[in-house]
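Just below is one structure, and these are the notes that go with it.
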Amino acid sequence: MKPFSILSKTPFLLLSFSLLFLSSCDDDNEQEETPPVNAGVEGYQLRHNLSSDAGYEVEVYSPQAYFVGYNRLALRVRSGSGNLVSDATVKFLPMMDMGSMMHTTPVEQPQYDADLNAFAGSATFIMPSTSTGRWTMKVVLEVPDLALPDTLETDITVEAAEPARLFSFTDTSGTGYFVALRAPRAPELGLNPYSVMVYQRESMMNLPAATGLEVAIEPRMPSMGHGSPNNVMPSEIAPGHYEGEVNFTMSGLWRVHTDVLTSEGDTLAGDSWFDITL
Ligand SMILES: [Cu+2]
């Protein structure tokens with residue numbers, strides 16, 4: 001045991017030595033020597049740290065506690081030695097067990113994002129956790145070193161959002177849709193990006209992006225009965241991702257009426273909105 005434990009400590013000794021060396025070069029900034037753990041994912045918080053049987057760690061970050069709506073998620077994969085792995089493939093599989101039935105929720109599968117230094121994706125949760133409805137999140141990890149994908153799982157809690165950040169509607173054929181507000185995240189006076197994700201409920205286990213639709217917006221200030229000029233109608237910039245601009249000309253509560261239409265102009269949802277306060 002003894003030689004082994006010395007070996008396993010060698011990297012730490014080397015690391016401490018190099019830290020000492022670094023700090024001796026710059027005594028004034030001792031507090032800043034250690035890079036921040038969240039470098040790249042500032043504004044995100046670590047929600048889960050999942051361990052794979054093969055020794056990998058998957059860290060799950062999000063800016064906010066999980067809520068009903070569009071949740072940005074960032075994943076970091078670490079090897080057994082703690083190094084970040086960028087050549088992995090990771091997939092989310094959120095699942096809600098409602099006792100009598102199970103269903104998933106719409107996701108954008110993670111892609112490596114060099115700015116975040118993490119795999120970035122999203123989950124649009126369509127229901128909150130309840131006493132009878134329990135959410136879990138599986139993460140499927142594939143790395144070149146592993147012959148088989150590894151599946152990690154954790155329970156998660158999804159809170160209702162107030163004001164609502166998701167609405168649903170049904171078309172004349174009975175197909176259900178979900179619309180989630182994606183932006184603005186930090187609304188300001190003037191023009192803001194305004195984007196929504198639209199998903200279709202094909203089945204309990206398949207909620208794909210709803211493509212080829214039209215989205216029309218009209219911001220109104222309910223307290224004052226006026227709107228604003230120069231809004232840019234959203235157009236589809238990626239599957240199910242409709243982005244335009246909204247103009248907030250005053251601070252206060254804005255109700256952004258958000259209609260969804262077919263490409264032929266038939267209204268599918270004409271009485272829904274997102275409330276945004278600035
Ligand atoms: Cu559910």
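Sequential numbering from 1 along the given sequence is applied to the chain's residues.
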Determine whether [X] and [Y] make a side-chain contact, defined as any pair of heavy atoms from C-beta on separated by less than 4.5 Å.
X	Y	answer
Lys91	Lys138	no
His48	Ile156	yes
Asn49	Glu57	yes
Val256	Trp273	no
Met250	His226	yes
Met233	Glu245	no
Met205	Met95	yes
His257	Ser272	no

| said: Using ring-ring contact (aromatic ring centres under 6.0 Å, His included), reason through Phe178 and Tyr199 one step at a time and then give a plain yes or no. | reply: CA-CA 5 Å; Phe178 297 97; Tyr199 294 101; 8.3 Å; no

Nearest heavy-atom neighbours spanning [X] and [Y]:
X	Y	result
Val140	Pro149	CG1-CB, 3.8 Å
Val68	Val158	N-CG1, 3.8 Å
Pro222	Leu253	CD-O, 3.5 Å
Arg182	Arg185	O-CG, 3.9 Å
Phe67	Gln64	CE2-OE1, 3.9 Å
Tyr70	Glu108	OH-OE1, 2.6 Å

Check the pair Leu50, Glu59 against side-chain contact (heavy atoms from CB on, under 4.5 Å), reporting the backbone distance first and the verdict last.
CA-CA 6 Å; Leu50 310 174; Glu59 299 166 351; over 6 Å; no

Taking [Y]'s backbone N and O only, do any of them form a donor-acceptor pair with [X]'s side chain (distance below 3.5 Å, no angle check)?
X	Y	answer
Thr104	Pro94	yes
Glu42	Gly40	yes
Thr267	Gly270	no
Ser228	Phe248	no
Asn247	Pro229	yes
Asn192	Gly190	yes
Thr170	Gly174	no
Arg76	Asn117	yes
Arg165	Ala180	no
Glu236	Gly212	yes

Path from [X] to [Y] over hydrophobic side-chain contacts below 4.5 Å:
X	Y	answer
Phe92	Leu207	yes
Leu268	Met197	no
Val60	Phe119	yes
Ile126	Val196	no
Val90	Val143	yes

Test side-chain hydrogen bond (donor to acceptor under 3.5 Å, both in side chains) applied to Tyr112 and Asp87, step by step: CA-CA 8 Å; Tyr112 193 73; Asp87 61 348; over 6 Å; no

Taking it one step at a time, do Leu141 and Val58 satisfy side-chain contact (heavy atoms from CB on, under 4.5 Å)?
CA-CA 8 Å; Leu141 171 67; Val58 176; 4.1 Å; yes

- Message: One pair to check against side-chain contact (heavy atoms from CB on, under 4.5 Å): Tyr56 and Leu146. What are the steps and the verdict?
- Response: CA-CA 10 Å; Tyr56 287 87; Leu146 287 180; 4.1 Å; yes

State the [atom1]-[atom2] distance between [X] and [Y], to the nearest 0.5 angstrom.
X	Y	atom1	atom2	value
Glu218	Trp254	CD	CH2	10.5 Å
Leu75	Ser62	CG	OG	10.5 Å
Gln111	Asp113	CD	CG	10.0 Å
Ser51	Arg78	OG	CZ	12.0 Å
Ser122	Asn71	OG	CG	8.0 Å
Glu142	Leu148	CD	CG	9.5 Å

message: Over 60° means perpendicular and under 30° means parallel, so tell me whether Phe274 and Phe167 are parallel, tilted or perpendicular.
response: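 Plane angle between 30° and 60°, so tilted.
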
Aromatic rings Phe169 and Tyr177: how do their planes relate, parallel, tilted or perpendicular, breaks at 30° and 60°?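 Correct class here is parallel.
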
Exactly one candidate in Leu181, Val232, Asn231 meets side-chain contact (heavy atoms from CB on, under 4.5 Å) with Tyr194; the answer is Leu181

| Honestly, is Arg72 close enough over Tyr44, meaning NZ or CZ under 6.0 Å from the six-membered ring centre and within 45° of the axis? | no

Evaluate the side-chain contact (heavy atoms from CB on, under 4.5 Å) criterion for residues Thr157 and Ser129: first the C-alpha distance (whole Å), next the side-chain angles of each, then the deciding distance (0.1 Å), finally the verdict. CA-CA 6 Å; Thr157 301; Ser129 300; 4.1 Å; yes

